[in-house]
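As structure tokens, the structure follows; a few thoughts come after it.
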Amino acid sequence: MENVIQINDTTWRIEDGHVRFLLFCGTERAALIDTGMNTPNARQIAESLTGLPLILINTHADRDHISGNGAFEEIYMSPAEEGHYRAQNGGGKLIGVREGDVIDLGQRPLRVIDIPGHTPGSIALLDEKNRVLVSGDSVQDGNIFMFGAHRDLDLYIESLRHLRLYDGLYDEIYPMHGSFPVAPELVGQLLEGACAVREGRAEGQPVEIHGNEVCLYRFPYAGFLMES
Ligand SMILES: [Zn+2]
């Protein structure tokens with residue numbers, strides 16, 4: 001059963017076990033950001049919290065973020081994510097959003113930042129007015145999944161470097177897994193860790209995830225699950 005937590009007058013997080021999704025309201029419309037793993041009723045939950053017209057934005061299309069997408073005809077998503085989304089029978093018409101685009105909810109512009117690597121079309125959203133960065137799965141303090149066909153560690157490292165250009169524009173990061181919120185410093189820490197993994201400077205240990213033998217590189221601030 002999901003747990004709805006109000007953050008402030010215009011912002012909620014909906015917790016569903018290991019994953020969460022968000023509801024951001026502006027003056028004109030509201031945005032559901034992802035739809036969780038076991039919450040096909042995500043739209044109903046959002047509509048019980050706000051009467052504003054509702055749009056859906058996906059940070060990325062992994063299975064645990066799209067369970068309620070079926071209730072939406074249109075979905076804001078990176079065009080680079082479409083293949084991955086459709087491969088999981090994701091439906092609806094996609095409205096492509098990319099680096100530099102702004103989705104305005106009415107006095108609450110959300111700036112799109114491309115951060116591919118965890119998935120081909122992962123995006124972050126910068127809520128500049130509230131000084132919050134929505135990071136999806138790419139910046140969080142749990143174990144970040146980087147094994148499997150559509151992951152790319154080099155791209156991920158590039159994306160973290162790119163994200164650093166936005167340093168100073170936000171005070172808190174809202175991730176979809178792990179602690180909530182996390183501090184902006186985590187971006188630099190993950191960058192260091194990911195570079196250490198790529199350059200063979202980190203110690204990994206074998207673990208099993210959903211029947212896959214993978215390698216966990218655990219740092220004090222987060223972990224990476226890599227191909228073993
Ligand atoms: Zn996830």
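Read the numbers this way: they start at 1 and go in the same order the structure lists the ligands and their atoms. As a basis for the values below, the full set of heavy atoms in this structure was taken, side chains included, without hydrogen atoms, waters or symmetry mates.
- Look at His60 and the Zn ion (ligand 1): no N/O/S atom of the residue is under 2.8 Å from the metal.
- Looking at Glu2, its side chain never comes within 3.5 Å of a backbone N or O of Asp16 through a donor-acceptor pair.
- Between the side chain of Arg43 and the main chain of Ala71, a donor-acceptor pair closer than 3.5 Å is present.
- Looking only at its N/O/S atoms, His65 has NE2 as the one nearest to the Zn ion (ligand 1).
- One finds an angle of 170° at the Zn ion (ligand 1) between OD2 on Asp137 and OD2 on Asp64, to the nearest 10 degrees.
- Note: His65 and His60 have tilted aromatic rings, judged against thresholds of 30 and 60 degrees for the angle between ring planes.
- Within His177, the N, O or S atom lying nearest to the Zn ion (ligand 1) carries the name NE2.
- Salt-bridge formation is detected for the pair Arg111/Glu128: a Lys NZ or Arg NE/NH1/NH2 atom is positioned less than 4.0 Å from an Asp or Glu carboxylate oxygen.
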